[in-house]
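Heads up: the structure comes next, in C-alpha cells.
Whatever order the structure lists ligands and atoms in, that order sets their numbers, starting from 1. Values in this document were obtained by computation on a predicted structure and should not be read as measured data.
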Amino acid sequence: MTESKRSNSKIIDGKGFAESLRQRIAQQVARLKQQHALTPGLAVVLVGEDPASQVYVRNKGKQTEEAGMNSFEHRLSKETSQYDLLELVHRLNKDPAVHGILVQLPLPKQIDPQAVINAIDPEKDVDGFHIVNAGRLATGGLGMVPCTPLGCLMLLKDRLGDLSGKHAVVLGRSNIVGKPMGLLLLNENCTVTIAHSRTRDVAEECRRADILVAAVGRPEMVRGDWIGDGATVIDVGINRVPGANGKARLVGDVAFDEAAERAAGITPVPGGVGPMTIACLLQNTLTAAARQHGIELSQ
Ligand code: GUN
C-alpha cells in the first residue's frame, strides 16, 4: 500500500482489515469454483466441551461458509482416545474434499497434542503447527504459517510498508505465536529480540522496539513507559478480567490508554489481532486448496 493510502489513525483496525481480507478470499474462492470446479474445504475437529473452544469452532465454521468454502465439523466426546482421534486425522488426510485440517486445542489430557498435530498431512496443516511447517518457516521454505503471527505481520506491513532494518521485540516465546512471529519478522529483515519471563529487564528491551508484539497472556502487563516514542504496538493478548459492573471485560497484554499516548500505532482489544486469526485461517485454507491442485492464486 502507498504511503498516502496508509491510515493516519493511531488505532490499527484489525477488524476492518480482516473484513476486507475475508471479502478478497471470498472472491478468490468464487473464482476457484468457477474456473476449476474446486471448493476449498476446512475440517475442524473439537474434542470435548471446553466453552471457549466451542465458541471458536462455531465462529470458524460460520466464517468458512460465508467465504464460500465447505466446513466440516467433527465433534468428539471428551473421553475420545488418542488412537480414535488419530484415525479421524488419517481419514481427513485422505479425503480429497478436505484441504485444511484444524484440531482445536487444548485437547483432553489423555491425548498428546504434538502427536496429533504431527499426524496431520503438512500440506493440510492450516494451523502451521506441524514440525515440517515449523521447519520450513525456520529455513525459509514454502509452508503453512501459523494464523495469529501471519495476521500480525499483515497488519504491520499494511501500516509500515517495508519492515527492513526495524528493531522488533516479541514478548513471549510460545510455539503458536512468539517463536513463529520472531521468525516471520526475521524473514522481513527486522532485527529481532524475543523477550520472555526470564529476560532481565523486559521493560528496557521493549523501550528499544520500533515494533513491539506482546503475546504473553498477562493482562495489561506492558505499561505506557515500556513503549518507545513512535513505536508500533501489536497486542495479541485476549484476557478476561472482572469489569466494574461485575461482568467480564476483555483486555490485552498492553495497558492500551497508556501505551497509545506514546505509540504511533496500536491494535485495540477487542478488534485488533483477534479477527485476523480466523481470516488468516481462511487464507491458509484457500492457499492449501490451490497448492494441492497446482493452481496459482492471483494477488
Ligand atoms: N486454540 C486456540 N487457538 C487455537 C488455534 O489457533 N488453533 C488451534 N488448533 N487451536 C486453538
For this session: Would you name the heavy atoms of Gly151 and Met276 that are closest together and state the gap between them?
Result: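 Smallest interatomic distance, heavy atoms only, reads O-CE, 3.8 Å.
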Problem set entry | Closest contact, heavy atoms only, Pro275 versus Ala18 |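 Residues Pro275 and Ala18, closest heavy atoms: O-CB, 3.4 Å.
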Problem set entry | Distance-only donor-acceptor check, side chains Arg208 and Thr193, under 3.5 Å | no
For this session: Classify the side-chain pair His99/Thr285 by whether it contains a donor and acceptor separated by less than 3.5 Å.
Result: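 Per modelled atom types, His99 and Thr285 side chains form no pair under 3.5 Å.
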For this session: Report yes if the side chains of Val222 and Leu212 come closer than 4.5 Å at any heavy-atom pair, otherwise no.
Result: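 With C-beta onward as the side chain, the pair touches.
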Per-pair distances, ligand 1 N/O vs protein N/O, less than 3.5 Å:
from     : atom 1 : to     : atom 2 : distance (Å)
ligand 1 : 1 (N)  : Gln104 : NE2    : 3.0
ligand 1 : 1 (N)  : Leu105 : O      : 2.9
ligand 1 : 7 (N)  : Asp127 : OD1    : 3.0
ligand 1 : 7 (N)  : Asp127 : OD2    : 3.4
ligand 1 : 9 (N)  : Val103 : O      : 2.8
ligand 1 : 9 (N)  : Asp127 : OD2    : 2.6
ligand 1 : 10 (N) : Leu105 : N      : 3.0

Exercise. Who pairs with Arg291 by side-chain hydrogen bond (donor to acceptor under 3.5 Å, both in side chains), at least two apart in sequence or on another chain?
Worked result: none
